[in-house]
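These notes concern the structure reproduced below.
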Amino acid sequence: PIIAFQGDKLDVLGTQVHYTLWRNEKMHFALGLRLNLDGYNSDDSYIFDGMEDRDFTLEGGFKFHYHFIKNWSIKTDAYYDLLGVSEGMHGSLAVARNFGPDKWRFTSSVGVKWENENYVDYYYGVQRDEENTDRFEYHPDFSFSPYADLNLLKFWGDNWASFFTVTATYLDREIQD
């Protein structure tokens, strides 16, 4: 289960906390903190033998939603590594469509995720001392990865909800290589 709380200004969803600075019927702007769990330990799989761990980090950033037509919105966000683990930043831009009655909400969106060079190199790169006969030194550049996702939210009264999401991302060549 995921812990979630939605107040007038403060929202908590799993590993993310956002504080709303401005909200009206069409726009929503919030600053936030989130745990980035993209890291791994070298003993997670044999494929990482000889690799340094890629640590988790705390990120700070913002999110902005603009509802431009009934049930349609543009959403964007950007986050920066506050602890200096990767010294990277990443963000996304998407268009989303909501469907459904009050007790159900179905949302589909398409967009692009951007990750800067520091982020991609830290999480996907191979350093010189991590090379072996099957893995060569690799320092990728920034990446743009298109994605699509589907979300289903079912409300069970005032205090309970079920949430399901599936996302398909086509990883940029900088990450694939």
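Count residues from 1 along the sequence. Keep in mind the model is a prediction, meaning the values are calculated, not measured.
A donor-acceptor pair under 3.5 Å links the side-chain atoms of Asn116 to the main chain of Met89, judged by distance alone. Looking at Asn41, its side chain never comes within 3.5 Å of a backbone N or O of Asp44 through a donor-acceptor pair. Without hydrogens or angle criteria, Thr76 side chain to Ser92 main chain gives a donor-acceptor distance under 3.5 Å. In this structure, Glu130 contributes its side chain and Glu52 its backbone to a donor-acceptor pair below 3.5 Å. Looking at Glu115, its side chain never comes within 3.5 Å of a backbone N or O of Ser143 through a donor-acceptor pair. In this structure a side-chain-to-backbone donor-acceptor pair under 3.5 Å is missing from Tyr119 to Trp114. In this structure a side-chain-to-backbone donor-acceptor pair under 3.5 Å is missing from Tyr79 to Leu33. Judged purely by atom type and a 3.5 angstrom limit, Asn36 uses its side chain to pair as donor or acceptor with the backbone of Asp38.
No chain of hydrophobic side-chain contacts below 4.5 Å, direct or via other Ile, Leu, Val, Met, Phe, Trp or Tyr residues, connects Phe136 to Ile47. Tyr40 and Ile175 are members of different hydrophobic clusters when ILVMFWY side chains are connected at heavy-atom separations under 4.5 Å. The hydrophobic cluster containing Ile74 also contains Trp22, counting ILVMFWY residues as joined when their side-chain heavy atoms lie under 4.5 angstrom apart, directly or transitively. Criterion: ILVMFWY side-chain heavy atoms under 4.5 Å apart, direct or through other members. Under it, Met27 and Ile69 are part of a common hydrophobic cluster. Linking ILVMFWY residues whenever their side-chain heavy atoms come closer than 4.5 Å, directly or via other members, places Tyr122 and Leu58 in the same cluster.
Remark: the Asp121 side chain and the His139 side chain contain an N/O donor-acceptor pair separated by less than 3.5 Å.
For the atom pair OH of Tyr19 and CG of Asp8, the computed distance is 9.5 Å after rounding to the nearest 0.5 Å. For the atom pair Glu117 CD and Phe142 CZ, the distance stands at 9.0 Å (nearest 0.5 Å). Rounded to the nearest 0.5 Å, atoms CD (Glu59) and CG (Leu35) are 9.0 Å apart. The structure places NE2 of His18 at 7.5 Å from CZ of Arg34, a figure rounded to the nearest 0.5 Å. In this structure, the separation between NE2 on His90 and CG on Asp81 is 8.5 Å, given to the nearest 0.5 Å. Remark: Trp104 CH2 to Ser162 OG distance equals 8.0 Å, nearest 0.5 Å.
Pairs of residues two or more places apart, or lying in two chains, never qualify as side chain to side chain donor-acceptor pair (under 3.5 Å) while including a residue from residues 66-75.
Between Ala4 and Leu13, the shortest heavy-atom distance links the atoms CB-CD1, 3.9 Å. Closest approach of Arg54 and Tyr123 over heavy atoms only: CB-CD2, 4.2 Å. Between Asp141 and Glu174, the shortest heavy-atom contact is N-OE1, 2.6 Å.
Note: Phe106 and Phe99 have tilted aromatic rings, judged against thresholds of 30 and 60 degrees for the angle between ring planes. In this structure, His28 and His65 have perpendicular ring planes: the angle between them is above 60°, well past the 30° mark.
Annotation: side chain of Leu82 is not in contact with side chain of Thr57 (no heavy-atom distance under 4.5 Å).
Other residues, nucleotides and ligands contribute only 12 or fewer heavy atoms inside 6.0 Å of the OH atom of Tyr46. Applying the 6.0 Å contact sphere to NZ of Lys154 captures more than 12 heavy atoms from other residues, nucleotides or ligands. Counted within 6.0 Å of CG on Asp43, heavy atoms from surrounding residues, nucleotides or ligands total more than 12; the atom is thus considered enclosed. Heavy atoms from other residues, nucleotides or ligands lying under 6.0 Å from CZ of Arg173 number 12 at most.
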Under 3.5 Å, which donor-acceptor pairs do the side chains of residues 144-153 form with other protein atoms, sequence neighbours left out?
from: Ser145; atom 1: OG; to: Asp172; atom 2: N; distance (Å): 3.0
from: Asp149; atom 1: OD1; to: Ser109; atom 2: OG; distance (Å): 2.3
from: Asn151; atom 1: OD1; to: Thr165; atom 2: OG1; distance (Å): 2.4

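Taking the centre and axis of the six-membered ring of Phe155, the NZ or CZ atom of Arg105 falls outside the cone set by 45° and 6.0 Å.
Other cluster members for Tyr170: none, since no ILVMFWY side-chain heavy atom sits under 4.5 Å from it.
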* **Trace of the side chain to side chain donor-acceptor pair (under 3.5 Å) decision for Asn98 with Thr107** => CA-CA 4 Å; Asn98 291 325; Thr107 305; 2.6 Å; yes
